[in-house]
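First comes the structure, then the notes that go with it.
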Amino acid sequence: MEQAFMHEGTSVDKGENARLSSFIGAIAIADLVKTTLGPKGMDKILQKVNPEDQSISVTNDGATILKSVLLDNAAAKVLVDIAKVQDDEVGDGTTSVTVLCGELLREAEKLVNMRIHPQTIAEGWRLAKTLSIDALTASSVDNSGDDEAFRADLFRIAKTTLSSKLVNWQKDHFAHLAVEAVMRLKGSNNLDHIQILKKAGGQLRDSYLDTGFLLDKKIGVGQPRRVENAKILLANTSMDTDKIKVYGAKVKVESMTKVAEIEEAEKDKMRAKCAKIIAHKCNVFINRQLIYNLPESIFTAEKIMAIEHADFDGIERLAAVTGGEVTSTFDHPELVTLGECDLVEEVMIGEDKVIRLSGCKMGEACTIVLRGASSHVLDEAERSLHDALCILTSTVRDPRRVYGGGCTEVLMAQAVDEAVPGTAGKKALAMSSFAKALRQLPSIVADNGGYDSAELITRLRAAHANGEKSAGLDMFNGIVGDMDQLGIMESYKSKLQVVSSASEAAEMILRVDEIVKCAPRQREMGY
């Protein structure tokens, strides 16, 4: 009946068809990233299908995988969105939130087949979520009052985050780098002050933290290679001859003398611009755009270090760490704030020369130099380190931590199970399904490690029932271990975000009973 008044090309899925389509799409996406979960998860190769660009990347980062997949299913896109939000908010747990949402929907499908209404299921889930978060909060520990204990917590959280990454076998080294870099921020949590520089060659363990700020650019010919007490002018301006901006414009002259006069006029204009820059009394000039030969020779004569083509991201980051401002006009030197640092010099990393700014005005600036065998290794190491840095900065904001290794999931599921017998109505079944979905996370982690998940999870549940509240999965020995002794810890905020986002997204998909696909409006001829 609806098709009679709907535009041609519009399709409608109703009732069971709509719900089944949503469930299948979301569960398929969860199954796609499920095998990457945990310290023994597998990697995925992502290859572009563009004939001009068939580059590949190797990763097990959930957000990276999901962002690279083109989807047509509406529910699957909801899962991709929650993974992106998890990545932006916390930086880690992107795979966990997707898998938990998929497991909730898998349980919901069974309940719907039992003729339980979606609103009843959603109500039970909301009760279970509240109980889970209460149990999670009760199990969290805050050591922010003790600097040494808090630093140890940060180190363990970083190690746990890096355990599932490519850098697993060097996780102690990279966790130390991440903690040192974050502690230098002194609570500012501005990751722009931490630069990650990738240099192919060497091994992953050759990566190191440089207390200066490294710029992968070249200094102009004949200019100073070392400047102390640097006054840095940061600019985003054209340092080549002005071009006529009208397309197809031509200049006609009567003789070659006139051509020489035009060229000289252009040079005079550039000399005047350089004089204005020199009037700022800077000894280092860093420009986002190119610096051509004439201005470069003028700066060389004035003993000014000129650095060109510091891209937009680089120039903005430099402004943040040196305390300067990016300027485009130079008529009023008194209004321009120059950046400051103790030393600008050229140093070698492997076979390459880079520029190091030491003793920046904003003292928390630093650079992590990554070394590795290939660009694919370096890219994945950068993603891994970025996750660790994000989770550490979020932990500095909310210093509570919880145990990892499936400990908190079983703890939350136990709290929900204990409340089920006292809950009347069908919503008790939904609460049980929520607890079962939570227990699926450590079960999947065990499966990915090649262990007997049924055996391990039953032992883990028994340990928690006997009061061992720090019991979790020791994935390197395939047994139930003490997470406190093993130092396997995670950020409270990350776990909280996983449970909240997954349950809300699953509820949103569960409540769908109709999918309307609208064809785009056809353009009329001539437009």
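Heavy atoms only: backbone and side chains are in, while hydrogens, waters and symmetry mates are out.
In this structure, Leu104 and Trp125 approach most closely via the heavy-atom pair O-CZ2, 3.3 Å.
Distance check: Cys360 SG to Glu340 CD gives 10.5 Å after rounding to the nearest 0.5 Å. The distance from the OG1 atom of Thr160 to the CE atom of Met483 is 9.0 Å, given to the nearest 0.5 Å. If you take CE on Met114 and CD1 on Ile121, they are separated by 9.0 Å, rounding to the nearest 0.5 Å. For the atom pair Arg205 CZ and Arg371 CZ, the distance stands at 12.5 Å (nearest 0.5 Å). Atom NE2 of His376 and atom CG of Leu378 lie 10.5 Å apart (nearest 0.5 Å).
The backbone N or O of Val99 lies less than 3.5 Å from no partner atom in the side chain of Lys34, so there is not a single donor-acceptor pair.
Contact annotation: the side chain of Leu66 never approaches that of Lys84 to less than 4.5 Å [non-hydrogen atoms, C-beta and beyond]. With a 4.5 Å cut-off on side-chain heavy atoms, Ile444 and Glu103 count as touching. Contact of the Asp387 side chain with the Ser384 side chain is not registered, since no non-hydrogen atoms from C-beta on lie closer than 4.5 Å. Here the side chains of Glu109 and Asn113 are in contact, with some heavy-atom distance below 4.5 Å. Between Val326 and Arg288 there is no side-chain heavy-atom pair separated by less than 4.5 Å.
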What do the steps show when you test Glu455 against Arg459 for salt bridge (charged side-chain N to carboxylate O under 4.0 Å, His left out), and what is the final call? CA-CA 6 Å; Glu455 176 75 15; Arg459 287 186 181 181; 2.8 Å; yes
Just do the salt bridge (charged side-chain N to carboxylate O under 4.0 Å, His left out) check on Asp31 and Arg106 with the steps written out, would you? CA-CA 11 Å; Asp31 288 344; Arg106 204 187 301 272; 2.7 Å; yes
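Arg356 pairs in a side-chain contact (heavy atoms from CB on, under 4.5 Å) with only one of the listed residues (Ile349, Leu215, Asp210, Thr211), which is Asp210.
Ion pair Glu148/Arg151 not flagged as a salt bridge, since none of the NZ, NE, NH1 or NH2 atoms sits closer than 4.0 Å to an Asp/Glu carboxylate oxygen.
Qualifying salt bridge (charged side-chain N to carboxylate O under 4.0 Å, His left out) partners for Arg400, counting only residues two or more places apart in sequence or in other chains: Asp398. Partners of Glu507 according to the side-chain hydrogen bond (donor to acceptor under 3.5 Å, both in side chains) rule, which considers only residues two or more places apart in sequence or in another chain, are Arg126.
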Could you go through residues 405-416 and list every donor-acceptor pair under 3.5 Å that involves a side-chain atom there, pairing it with any protein atom two or more places apart or in another chain?
from, atom 1, to, atom 2, distance (Å)
Glu409, OE2, Lys495, NZ, 2.4
Gln414, OE1, Lys469, NZ, 3.2
Gln414, NE2, His464, O, 3.4

